[in-house]
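Below you'll find the structure, written out as structure tokens, and then a few comments.
The shown structure was predicted, so the numbers you read here are calculated from the model rather than taken from an experiment. Throughout, residue positions are numbered sequentially from 1 according to the sequence presented.
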Amino acid sequence: MASGACAAALALGMAGSAATADTLRIAGQGDIGTLDPQAQNSQITISVLSMVYESLVTRDEDLQMVPSLALSWEPVADTTWRFELRPDVTFHDGSAFDAEDVKFTIERAQAETSQFANFVGSIASVEVIDDLTVEIETAMVDPLLPDKLGYIMIMDSGWAEANGVTVPQDLGNEENTYAVMNANGTGPYTIAERVPDNRTVLEINPDYWGEMADDIEEVIYLPISSPPTRISSLISGEVDVVIDVPPQDVQRLESTDGLTVARSPELRTIFFGFDHASGELRHGDAGGTNPFQDLRVRQAVDSAIDADTISRVVMRGLSQPTAQLIAPGNFGWNPEGDERAPFDIEHARELLAEAGYPDGFSVRMDCPTDTYTNPEQICQAVSAMMSQIGIDIDLNLIPRAQFIPLLWDKDTSFFIIGFNTAYFDAMYVLETLLMTQTGEDGEGIYNYSGYSNPEFDELVREARVELDRDRRQELMYEAFAIARADVAYAPLHTQTLVYAMRDGVDVPVRPDNFIEIRWVTMD
């Protein structure tokens with residue numbers, strides 16, 4: 001893999017030579033992981049692939065659900081949803097979109113190698129009624145099913161079968177399939193070129209069925225991991241928009257002629273995770289034990305993190321300290337539950353001593369360098385804070401491509417992580433991040449820490465089938481309170497998203513950091 005300044009220079013050189021008034025060049029800190037739409041649930045991968053593939057439903061500029069490949073949907077029984085599909089839609093190779101493609105894709109998303117199993121975990125069966133009608137039977141009442149299907153990008157079943165990609169790529173085993181480098185969607189853009197860690201070039205689909213705010217002929221996504229290179233490339237005109245603006249550069253960009261800065265509170269929350277499950281630290285030295293299995297140690301870590309200082313100094317005020325694992329704007333966020341543990345170094349030391357670690361211990365902290373906002377600086381700051389209570393941190397700064405496999409393999413003892421609420425509902429976090437990982441229905445699919453509390457699990461199972469909105473919210477509040485009391489994770493803050501773009505380019509900033517290409521305009 002090309003990396004660092006070399007990859008950035010090559011990417012910028014290629015983009016600069018090809019750029020025209022009809023080319024939009026987007027720079028971000030990390031690359032997409034694959035072109036397989038059910039293989040990797042990461043924000044930038046989903047965002048770029050949404051320009052190529054489409055789901056049954058989407059969201060408008062007010063983030064309300066609206067039709068996409070489905071014209072309408074309705075529950076026809078307690079556990080049955082009927083979707084009427086859009087006619088006269090074709091995939092990029094000219095084949096017709098129909099109900100068989102919907103059935104195939106949902107079943108593909110349920111495969112063991114899929115990172116989207118939680119979105120379709122409640123689905124028991126999909127029945128094709130006719131070419132443009134499907135009925136989806138769920139194993140339980142699932143009022144959020146349409147929201148979840150907004151993340152299932154529809155594939156052409158015939159194309160998948162012809163190219164041997166009927167199941168998603170196995171990212172965990174670094175599998176390489178035809179769908180990793182090739183795509184055939186119904187979206188507004190086709191894949192023209194894909195060079196991993198360098199560039200992804202998309203060309204407009206002249207047969208696209210939908211409406212676009214502009215007719216931008218070419219979109220180039222450029223992963224540029226170095227923040228100074230990313231920002232200088234915007235100032236010099238080599239890229240048109242940067243979607244990962246470091247807080248320390250915001251003021252300078254706001255005062256730079258020819259540039260516009262846009263911002264929005266993000267729905268992502270940043271927090272620190274622990275290995276709850278291992279009997280001994282996987283990476284560190286604590287005398288043959290795992291300190292994080294002791295609640296008092298987790299409480300000590302929580303108390304030793306000075307989120308206010310990180311917000312002021314590291315984030316330049318572009319973060320909001322939080323005690324919760326979801327951000328405001330999500331259903332299930334509790335304004336009365338957002339009081340952080342007091343920052344108290346002496347209390348943290350006392351807790352460690354009570355837990356049997358008066359002299360502390362050493363542990364590796366895993367931190368990705370090319371995702372979230374200022375991750376290196378945050379991890380360095382927290383490492384220093386941990387040293388004040390006797391926890392010696394071996395800081396492991398690695399690119400996201402190396403970080404994600406550590407999470408999937410649960411080969412980490414202490415780590416930073418950011419989590420978005422995919423459909424603006426706390427149930428996503430409760431089910432996928434905090435429930436005991438069962439291997440069924442997507443429960444705990446992103447529970448990288450091994451956290452498990454049966455009382456918590458039962459509350460979530462009750463909440464996810466509750467049709468009364470107020471009662472469901474109450475149940476979610478109770479579940480989050482249990483996880484918070486357990487210090488399942490140590491919350492840090494929510495981020496403020498900042499995009500910077502040249503004058504004449506308008507890329508709306510969605511709070512879920514989703515680049516909606518259909519809304520983008522450029523002169």
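A 6.0 Å sphere centred on CD of E137 holds more than 12 heavy atoms belonging to other residues, nucleotides or ligands. Within a 6.0 Å sphere centred on NE2 of H347, heavy atoms belonging to other residues, nucleotides or ligands number 12 at most. Residue D411 qualifies as enclosed at atom CG: its count of foreign heavy atoms under 6.0 Å is above 12.
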Full working for side chain to side chain donor-acceptor pair (under 3.5 Å) between N334 and Q473:
CA-CA 9 Å; N334 185 357; Q473 179 172 261; over 6 Å; no
Could you go through the side chain to side chain donor-acceptor pair (under 3.5 Å) check for D78 and T80 one step at a time?
CA-CA 6 Å; D78 286 348; T80 306; over 6 Å; no
Can V498 and R263 be said to form a side-chain contact (heavy atoms from CB on, under 4.5 Å), step by step?
CA-CA 4 Å; V498 182; R263 65 185 75 192; 4.2 Å; yes
Apply side chain to side chain donor-acceptor pair (under 3.5 Å) to T494 and T322, showing your working.
CA-CA 7 Å; T494 58; T322 185; over 6 Å; no
Verdict with reasoning, D31 to R194, per salt bridge (Lys or Arg N to Asp or Glu O under 4.0 Å):
CA-CA 11 Å; D31 196 17; R194 168 74 179 139; 3.0 Å; yes
Kindly indicate, with the supporting measurements, whether the criterion side-chain contact (heavy atoms from CB on, under 4.5 Å) is fulfilled by C367 and N396.
CA-CA 6 Å; C367 180; N396 184 31; over 6 Å; no
Would you check, one step at a time, whether the test side chain to side chain donor-acceptor pair (under 3.5 Å) holds for Q40 with T45?
CA-CA 7 Å; Q40 184 183 67; T45 300; 2.6 Å; yes
Trace of the side-chain contact (heavy atoms from CB on, under 4.5 Å) decision for F361 with V297
CA-CA 11 Å; F361 56 91; V297 173; 4.0 Å; yes
Check the pair L475, R472 against side-chain contact (heavy atoms from CB on, under 4.5 Å), reporting the backbone distance first and the verdict last.
CA-CA 5 Å; L475 290 167; R472 189 163 75 88; 5.5 Å; no
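Counting all heavy atoms, side chain and backbone alike, A327 lies closest to T269 at N-OG1, 3.5 Å. Shown here for P223 and D197, the closest heavy-atom pair between the two residues is CG-C, 3.7 Å. In this structure, Q495 and T373 approach most closely via the heavy-atom pair OE1-N, 2.9 Å.
A side-chain donor-acceptor contact under 3.5 Å links Y372 to the backbone of G418. A distance-only check finds no donor-acceptor pair linking the side chain of T371 to the backbone of P368 [under 3.5 Å]. Panel note: side chain D468, backbone R471; a donor-acceptor pair is recorded below 3.5 Å. Listed for the Q110 side chain is no donor-acceptor partner under 3.5 Å among the backbone atoms of A117. With S387 contributing its side chain and A384 its backbone, the two residues share a donor-acceptor pair below 3.5 Å. A donor-acceptor pair is defined here as one N or O able to donate and one able to accept, closer than 3.5 Å; such a pair exists between the side chain of D60 and the backbone of Q64. Side-chain atoms of Q377 never come within 3.5 Å of backbone atoms of V314 as a donor-acceptor pair (strictly under, hydrogens ignored). In terms of modelled atom types and a separation under 3.5 Å, the side chain of N420 and the main chain of R268 share a donor-acceptor contact.
Between the side chains of S225 and Q29, no donor N or O sits under 3.5 Å from an acceptor N or O. With no hydrogens or angles considered, a side-chain donor-acceptor pair links D275 and S278 at under 3.5 Å. In this structure, a donor-acceptor pair under 3.5 Å is present between the side chains of D486 and N453. With hydrogens and angles left out, the side-chain atoms of Y423 and D512 include no donor and acceptor closer than 3.5 Å. Counted by atom type alone, S362 and D285 present zero donor-acceptor pairs between their side chains at under 3.5 Å.
Between E443 and R464 there is a salt bridge, with a side-chain nitrogen of the basic residue lying less than 4.0 Å from a carboxylate oxygen of the acidic one. The pair D366-R364 counts as a salt bridge, with a side-chain nitrogen and a carboxylate oxygen less than 4.0 angstrom apart. D409 and R282 are not joined by a salt bridge, as no carboxylate oxygen comes within less than 4.0 angstrom of a charged side-chain nitrogen. Here K148 pairs with D142 in a salt bridge; the nearest charged N to carboxylate O distance falls below 4.0 Å. With respect to R469 and E474, no salt bridge is recorded, no charged nitrogen being found less than 4.0 Å from a carboxylate O. D359 and R349 are not joined by a salt bridge, as no carboxylate oxygen comes within less than 4.0 angstrom of a charged side-chain nitrogen. Note on D302 versus R484: salt bridge recorded, some NZ/NE/NH1/NH2 to OD/OE distance being below 4.0 Å.
Counting heavy atoms from C-beta on, the side chains of P146 and L149 never come closer than 4.5 Å. Inter-residue side-chain proximity for T289 and L281 is flagged as unmet; no heavy-atom pair is nearer than 4.5 Å. With a 4.5 Å cut-off on side-chain heavy atoms, S122 and L145 count as touching. Put simply, the side chain of Q324 does not reach to within 4.5 Å of the side chain of F271, judged on heavy atoms. Using a 4.5 Å heavy-atom cutoff, the side chains of L497 and P511 are not in contact. With contacts defined as side-chain heavy-atom distances shorter than 4.5 Å, the pair P168/Q115 does not qualify. Contact check for S413 versus H283: side-chain heavy atoms found under the 4.5 Å cut-off. Side-chain contact between L267 and F424 is present, with at least one heavy-atom pair separated by less than 4.5 Å.
By the ring pair (Phe, Tyr, Trp, His ring centres under 6.0 Å) test, F272 is found to be paired with F414, residues two or more places apart in sequence or in another chain being considered.
Rounded to the nearest 0.5 Å, atoms CD1 (I404) and CG (L171) are 10.0 Å apart. Rounding to the nearest 0.5 Å places CE of M181 at 7.0 Å from CG of L35. A distance of 9.5 Å separates CD of E266 from NE2 of H493, quoted to the nearest 0.5 Å. Distance check, rounded to the nearest 0.5 Å: CD1 of I154 to OG1 of T105 gives 4.5 Å. Remark: I123 CD1 to T79 OG1 distance equals 12.0 Å, nearest 0.5 Å. Taken to the nearest 0.5 Å, the CE atom of M385 stands 12.0 Å off from the CD1 atom of I393.
By the 30° and 60° cut-offs, the orientation of the rings of F419 relative to Y428 is parallel. Using cut-offs of 30° and 60° on the angle between ring planes, the pair Y446 and Y448 is tilted. Taking the six-membered ring where the residue is Trp, F456 and Y451 present perpendicular rings, their angle passing 60° and hence far from 30°.
A ring-ring contact (aromatic ring centres under 6.0 Å, His included) with F274 holds for exactly one of F292, Y489, F415; it is F292.
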